[in-house]
Amino acid sequence: MENNITRRSLLFGFVGASLSTVLPVPMARAMAAGQVTLTAAPTEIGLLGDGFPNTPVWAYGNQVPGPELRYRQGDRLKVLFENRIAQSSTVHWHGLRVPNAMDGVPGMTQPPVPSGGTFDYQFDLPDAGTFWYHPHVKSSEQIGRGLYGALIVEEKSPPAVDRDVTWVLDDWRVDQEGRIDDNFHAMHDLSHGGRLGNLASLNGVNSDSYSVRAGERLRIRLINVANARSFALAFQGHAPQVIALDGQPVEPFLPDEGRVVLGAGQRADLIIDMIGNPGDSFAVMETYYGRSPFQFLSLTYDDQPPLREDVLNTPVRLPANPLAVPDGPASQSQALVISGGAMGGMASASYQGRTRSIGDLAQIGKVWAINGVVADTENRQPQFTFKKGTTQKLVFKNDTAWPHPMHLHGHVLQILSRNGVKVDRETWSDTLFIESGETVESLFVADNPGHWLLHCHVLEHHEAGMATSVRVI
Ligand code: C2O
Ligand code: CU
């Protein structure tokens, strides 16, 4: 069942209800300006749709995704986190440049929040964009059970659109009753492509369709929160423009073959004009795993007359965020060689200060290394120390048989080249997707002091050792 995912209609031989355009109501920005309480607790959701059993999950604010936190660039986020699940937890603000103490990494930036405990997160939001939040304790299980939500920081003057919507993409490993498979540490997942699910969801529901109106312009904020799965969405009959990747603006472009590719943890902002006619319906295909494409859902045009005759031609380019500009020529180069995993040929690696054979490591569920070191998740030691304000060149080399979305906390990387070929547009990323065998060069200014994690966002790879950290002093 490796890459086989299916819509419920295929899995259960059934076609269910459609998702209306009315999505979980985002918390109003006005409300977000004050303090928000975010409670993680067990609950149930209708993941499979109407007429099917509910799925027991862990969720923020009793909903999956958790409440959408919406702010304006320059606002201050104030979230009181309340932990009502039976495990300790934290909240990590994925992609945001936060002060180190607010980063949510247990044992590194804060103590884990025990069950019944609280933690007060407060920080300013320098960057506009599409971000998300999730726990950083037993992430494979806690995110896999539904703990995640979107965090949107609006530009001061966003491009004109008719609707600004968020699509949180996930997959789940569930049985026909909608129960989540509770083996989050299967060796096969740890050593192969991570925990891939068998049911896809959009905003917490396995939906068949998404309703749109002819002539409208949408901004769709895609967030891939899956533990391991990559998505490559293709919008039949439409030509989405990508205007931001990982929350950071890019010169608007039409992706190759119309496919928007997102590794686990990544985001993309799209502008898409609804150029069909009332009553039309177009497939949105998931095409990442070539052998098993499937219809993710359909864009269903309602019967209303077109909102406008001609496609809007107002500008869609976003203003840049205030990221420090790397000084390439002055940079120091740091190699990060990723090895291990199934079919990887790694013979041994160092773990807790001792060199061990891959056989011994596999016994304890540790099968990946960065620069020959398997991360000790209980005792994080920085592999790099950078002086504040210096430009660093991180050169990732993926010596494994699997792709890895590598996520750096607290900073944003500028991608320079892939396999020695300079990238053709300026691209910034906090979650850098690196194909099997690929070498990717990136630059960043180490301007945020603290101890920052760098890990694969395939959560099972992280758990099985694919992490390191950098200290900025
Ligand atoms: Cu989205 Cu270290 O995580
Ligand atoms: Cu990985």
Side-chain angles (χ1 to χ4, degrees), residues 65-66 89-98 100 102-110 112 129-140 142-144 147-151 168-170 188-196 223-230 246-247 262-267 336-344 346 366-370 374-375 377 380 396-413 429-438 440 450-470:
S89 194
T90 60
V91 184
H92 169 63
W93 314 93
H94 185 120
L96 292 171
R97 299 186 295 139
V98 299
N100 197 237
M102 297 288 114
D103 198 39
V105 182
M108 232 173 107
T109 70
Q110 66 166 93
T130 300
F131 306 99
W132 61 297
Y133 59 91
H134 64 73
H136 224 293
V137 178
K138 297 188 196 302
S139 315
S140 170
Q142 293 190 12
I143 298 176
L147 286 169
Y148 54 75
L151 198 165
V168 180
L169 312 174
D170 196 5
H188 187 88
D189 296 334
L190 297 179
S191 59
H192 291 68
R195 177 182 166 104
L196 296 165
I223 308 177
N224 180 359
V225 304
N227 282 32
R229 174 171 298 274
S230 298
D246 284 358
L262 291 178
Q266 293 191 299
R267 290 88 64 214
L336 291 118
V337 180
I338 306 164
S339 55
M343 299 169 288
M346 180 173 87
K366 300 290 178 186
V367 293
W368 306 94
I370 296 179
V374 177
T377 36
R380 309 264 194 194
F396 294 89
K397 185 166 193 301
N398 180 353
D399 248 344
T400 78
W402 307 89
H404 306 290
M406 300 301 294
H407 174 46
L408 174 63
H409 287 212
H411 296 83
V412 185
L413 302 165
S429 169
D430 54 64
T431 309
L432 191 42
F433 197 76
I434 308 174
E435 301 284 355
S436 166
E438 198 176 33
V440 180
H451 188 188
W452 302 102
L453 202 56
L454 195 176
H455 65 93
C456 181
H457 223 281
V458 171
L459 304 173
E460 295 72 30
H461 291 178
H462 178 192
E463 173 175 327
M466 200 184 302
T468 185
S469 57
V470 309

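All ligand and atom numbering here is 1-based and tracks the order in the structure. Keep in mind the model is a prediction, meaning the values are calculated, not measured.
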Query raised in the report: For residues H411 and D430, is any side-chain donor paired with an opposing acceptor at under 3.5 Å?
Result: no
Query raised in the report: Side chains of H404 and S436: do they bring a donor and an acceptor to under 3.5 Å?
Result: no
Requested in this report: Return the set of protein N, O or S atoms whose distance to atom 2 (Cu) of ligand 1 is under 2.8 Å, each given as residue and atom.
Outcome: H136 NE2, H409 NE2, H455 NE2
Report summary line: Between C456 atom SG and H461 atom ND1, the angle centred on the Cu ion (ligand 2) rounds (to 10°) to 130°
Requested in this report: Confirm or rule out an N/O/S atom of H404, from backbone or side chain, lying less than 2.8 Å from the Cu ion (ligand 2).
Outcome: yes
Report summary line: Closest heavy-atom pair, E460 versus D189, reported as atoms and distance to 0.1 Å, is CB-O, 4.0 Å
Query raised in the report: Is there a donor in the side chain of S139 and an acceptor in the side chain of H462, or the other way round, less than 3.5 Å apart?
Result: no
Query - R97 bridged to D103 by N-O distance under 4.0 Å - result: no
Report summary line: Per ring-ring contact (aromatic ring centres under 6.0 Å, His included), H92 is matched among H455, H407, H457 by H407
Query raised in the report: Going by distance alone, is a donor N or O of one side chain under 3.5 Å from an acceptor N or O of the other, for S429 and D246?
Result: yes
